[in-house]
Amino acid sequence: MLTLALVAFTIGALYYLKLRRDRRKIGITSWIVDQDLDGRGATVYRNNDLGLSCKPDVVERGKTVEYKSATVKGNARHGDVLYVAAQMLVVGKKEADLRYPNKSFTFRKDNPKMQRAMQSVRSIMGQMRKALLLRQSPRATPTPGKCRVCRFRNECQEAIR
């Protein structure tokens with residue numbers, strides 16, 4: 001019986017050490033509150049005042065973490081920064097990490113760049129609410145690449161053909 005308990009303890013300890021090593025390798029430093037890395041996360045975070053909802057890749061105690069599969073050369077992509085800003089507004093964390101395979105960026109809620117991004121998110125959501133109330137579609141930003149893959153290109157009056 002003692003041998004069985006020792007084997008179980010050893011397996012548990014090895015599993016724990018492997019988990020810690022794997023977490024450290026991908027940059028998880030604190031306790032995970034929620035995760036959706038595998039697409040099966042059940043928690044959807046909502047901010048009803050803004051009309052936003054999201055499922056961040058990882059929610060740690062003090063921050064959200066968003067993983068992207070594409071690489072970047074210099075700065076984080078503007079759309080990704082807006083997405084992280086929206087997550088911070090919805091989840092209510094004061095810090096967020098945006099991780100690309102080749103670079104990582106940390107954003108703090110009190111940073112002027114993040115304040116501008118959060119204001120942009122609020123503005124975009126206000127424009128969307130107004131368009132819904134008026135039953136108008138928001139003004140598009142057509143480009144040949146976007147229009148080529150859009151499923152509404154035949155109905156859209158602004159489509160670039």
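For reference, positions follow the sequence shown, starting with 1.
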Which heavy atom of [X] sits nearest to which heavy atom of [Y], and what is that distance?
{"X": "Cys147", "Y": "Pro142", "result": "SG-CB, 3.7 Å"}
{"X": "Met114", "Y": "Ala85", "result": "SD-CB, 3.5 Å"}
{"X": "Phe107", "Y": "Ala76", "result": "CZ-CB, 4.3 Å"}

Please check: side-chain N/O of Arg148 versus main-chain N/O of Ile160, any donor-acceptor pairing under 3.5 Å?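 Answer holds: no.
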Within this structure, what is the [atom1]-[atom2] distance for the pair [X] and [Y], rounded to the nearest 0.5 Å?
{"X": "Glu66", "Y": "Ser104", "atom1": "CD", "atom2": "OG", "answer": "12.5 Å"}
{"X": "Asn75", "Y": "Lys113", "atom1": "CG", "atom2": "NZ", "answer": "5.0 Å"}
{"X": "Lys73", "Y": "Asn102", "atom1": "NZ", "atom2": "CG", "answer": "10.5 Å"}
{"X": "Leu89", "Y": "Asp49", "atom1": "CG", "atom2": "CG", "answer": "11.0 Å"}
{"X": "Ile124", "Y": "Leu50", "atom1": "CD1", "atom2": "CG", "answer": "11.5 Å"}
{"X": "Arg108", "Y": "Lys63", "atom1": "CZ", "atom2": "NZ", "answer": "8.5 Å"}

Q) Looking at Leu52, Val121, Thr64, which one forms a side-chain contact (heavy atoms from CB on, under 4.5 Å) with Val90? A)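 Considering Leu52, Val121, Thr64, a side-chain contact (heavy atoms from CB on, under 4.5 Å) with Val90 is found only for Leu52.
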Criterion side-chain contact (heavy atoms from CB on, under 4.5 Å) against Arg99, the qualifying member of Val65, Val58, Asp57:
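Single pass found, and it is Val65.
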- Between Gln119 and Ser123, do the side chains contain an N or O donor and an N or O acceptor separated by less than 3.5 Å?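 No, no side-chain donor-acceptor pair sits under 3.5 Å.
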Same apolar cluster (I L V M F W Y, side chains within < 4.5 Å links), [X]/[Y]:
{"X": "Val84", "Y": "Tyr45", "value": "yes"}
{"X": "Val81", "Y": "Val72", "value": "yes"}
{"X": "Tyr83", "Y": "Val91", "value": "no"}

* To do: Answer whether the closest heavy-atom distance between the side chains of Lys146 and Thr141 falls below 4.5 Å.
  =>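 A side-chain contact under 4.5 Å exists here.
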Glu95/Lys93 ion pair, N-O < 4.0 Å: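 A salt bridge is absent here (no side-chain N lies under 4.0 Å from a carboxylate O).
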Would you say CD of Glu155 has more than 12 non-hydrogen atoms from neighbouring residues, nucleotides or ligands within 6.0 angstrom?
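For Glu155, atom CD is crowded (more than 12 foreign heavy atoms under 6.0 Å).
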- With Leu133, which residues qualify under side chain to side chain contact (heavy atoms under 4.5 Å, CB included), at least two apart?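 So Leu133 forms no side chain to side chain contact (heavy atoms under 4.5 Å, CB included) with any residue.
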Next item on the list: Just jot down the side chain to side chain contact (heavy atoms under 4.5 Å, CB included) partners of Val44, sequence neighbours excluded, or say none.
Entry: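 Partners of Val44 by the side chain to side chain contact (heavy atoms under 4.5 Å, CB included) criterion, ordered by chain and then number, come out as Arg46, Ser53, Lys55.
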